[in-house]
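The shown structure was predicted, so the numbers you read here are calculated from the model rather than taken from an experiment.
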Amino acid sequence: MSDRVWTPKTFSNEVGQRVAFLKSRGINQGDVVFIAHNNSLEFLADLFALWALGLQAACLSPSLTLAELENLASFSKPKAVLAGEGQNLPKDSFQ
C-alpha cells in the first residue's frame with residue numbers, strides 16, 4: 001500500500017473517468033468485468049465505477065493459477081479486464 005491520498009474530488013473524478021471509459025467500450029449493465037489490481041486507489045476507483053454502471057465485478061487474486069483464471073473466464077465470460085500496473089495476466093485466458 002502506498003502513502004498516496006486522493007481527495008474526495010479526485011476520487012470522484014477518477015471514478016467518472018472510468019465510467020466514461022467503460023461506456024465508450026460498450027460495457028452494459030449486468031456485464032461481468034474482472035479487476036486485477038494490487039491493493040491500490042485505482043482498484044477502488046474501478047470498483048466504484050463498475051458499481052455505478054450496474055456491472056458485476058469479479059476481483060481476481062494475484063495468487064490464482066493459469067488454470068484457475070481460465071476456469072473463471074470460461075464460467076463468467078468477462079466483457080473486460082481492468083488490470084493495474086505490474087499485473088501480468090495471460091491474454092489468451094480471456095478470449
Side-chain angles (χ1 to χ4, degrees):
M1 182 88 161
S2 76
D3 292 332
R4 295 181 310 142
V5 176
W6 283 352
T7 65
K9 182 176 181 176
T10 300
F11 181 73
S12 179
N13 289 340
E14 290 288 335
V15 171
Q17 289 173 11
R18 286 160 168 78
V19 164
F21 172 80
L22 291 163
K23 283 183 176 180
S24 75
R25 298 300 188 268
I27 309 297
N28 298 308
Q29 186 172 9
D31 286 344
V32 175
V33 176
F34 282 178
I35 301 177
H37 282 283
N38 291 325
N39 192 10
S40 68
L41 295 169
E42 290 78 12
F43 165 79
L44 289 174
D46 282 345
L47 187 60
F48 274 68
L50 296 178
W51 289 342
L53 291 171
L55 303 173
Q56 299 179 52
C59 304
L60 303 179
S61 169
S63 66
L64 291 173
T65 66
L66 178 58
E68 291 168 329
L69 283 170
E70 288 172 343
N71 188 42
L72 286 170
S74 174
F75 175 76
S76 59
K77 308 276 191 259
K79 297 292 183 180
V81 178
L82 304 177
E85 286 186 39
Q87 295 298 316
N88 188 15
L89 297 173
K91 291 183 174 102
D92 56 344
S93 296
F94 304 105
Q95 295 179 357

Exercise for the section: Start with the C-alpha gap between Leu53 and Gln29, add the side-chain angles, then the distance that decides, and say whether side chain to side chain contact (heavy atoms under 4.5 Å, CB included) holds. Expected result: CA-CA 6 Å; Leu53 291 171; Gln29 186 172 9; over 6 Å; no

Problem - Option among Val19, Asp31, Asn28 that satisfies the side chain to side chain contact (heavy atoms under 4.5 Å, CB included) test with Leu55 - result: Asp31

Exercise for the section: Verify, without hydrogens or angle tests, whether Ser12 (side chain) and Pro8 (backbone) share a donor-acceptor contact under 3.5 angstrom. Expected result: no

For residues 56-67, please give each side-chain donor-acceptor pair under 3.5 Å, one per line with the distance, not counting sequence neighbours.
unit_1	atom_1	unit_2	atom_2	d
Gln56	NE2	Gly30	O	2.7
Ser61	OG	Ser63	N	3.2
Ser61	OG	Ser63	OG	2.8
Thr65	OG1	Glu68	N	3.1
Thr65	OG1	Glu68	OE1	3.3

Problem - Salt-bridge criterion met for Arg4 and Glu42 (N-O under 4.0 Å) - result: yes

Completion exercise
So salt bridge (Lys or Arg N to Asp or Glu O under 4.0 Å) across residues 55-66, not counting sequence neighbours, yields none

Completion exercise
Residues Pro78 and Ala73: closest non-hydrogen pair is CD-O, 3.6 Å

Handout entry: Spatial distance of atom CH2 (Trp6) from atom CG (Asn13) [nearest 0.5 Å]
Key = 10.0 Å

Practice task
Could you tell me whether the side chain of Val33 reaches within less than 4.5 Å of the side chain of Val81, counting heavy atoms only?
Solution key: no

Completion exercise
Interatomic distance, CG@Leu82 vs CZ@Phe43, rounded to 0.5 Å, equals 10.5 Å

Completion exercise
So OG1 of Thr7 and CD of Glu14: to nearest 0.5 Å the spacing works out to 10.0 Å

Problem - Flag side-chain contact, heavy atom, 4.5 Å: Val32 against Lys77 - result: no

Exercise for the section: Determine, step by step, whether Phe11 and Leu41 satisfy the side chain to side chain contact (heavy atoms under 4.5 Å, CB included) criterion, reporting the C-alpha distance in whole Å, the side-chain angles of both residues, the deciding distance to 0.1 Å, and the verdict. Expected result: CA-CA 8 Å; Phe11 181 73; Leu41 295 169; over 6 Å; no

Practice task
Count the heavy atoms belonging to other residues, nucleotides or ligands that lie under 6.0 Å from CZ of Phe48, then report whether that count exceeds 12.
Solution key: no

Handout entry: Beyond-backbone contact of Leu72 with Phe34, side-chain heavy atoms, under 4.5 angstrom
Key = yes

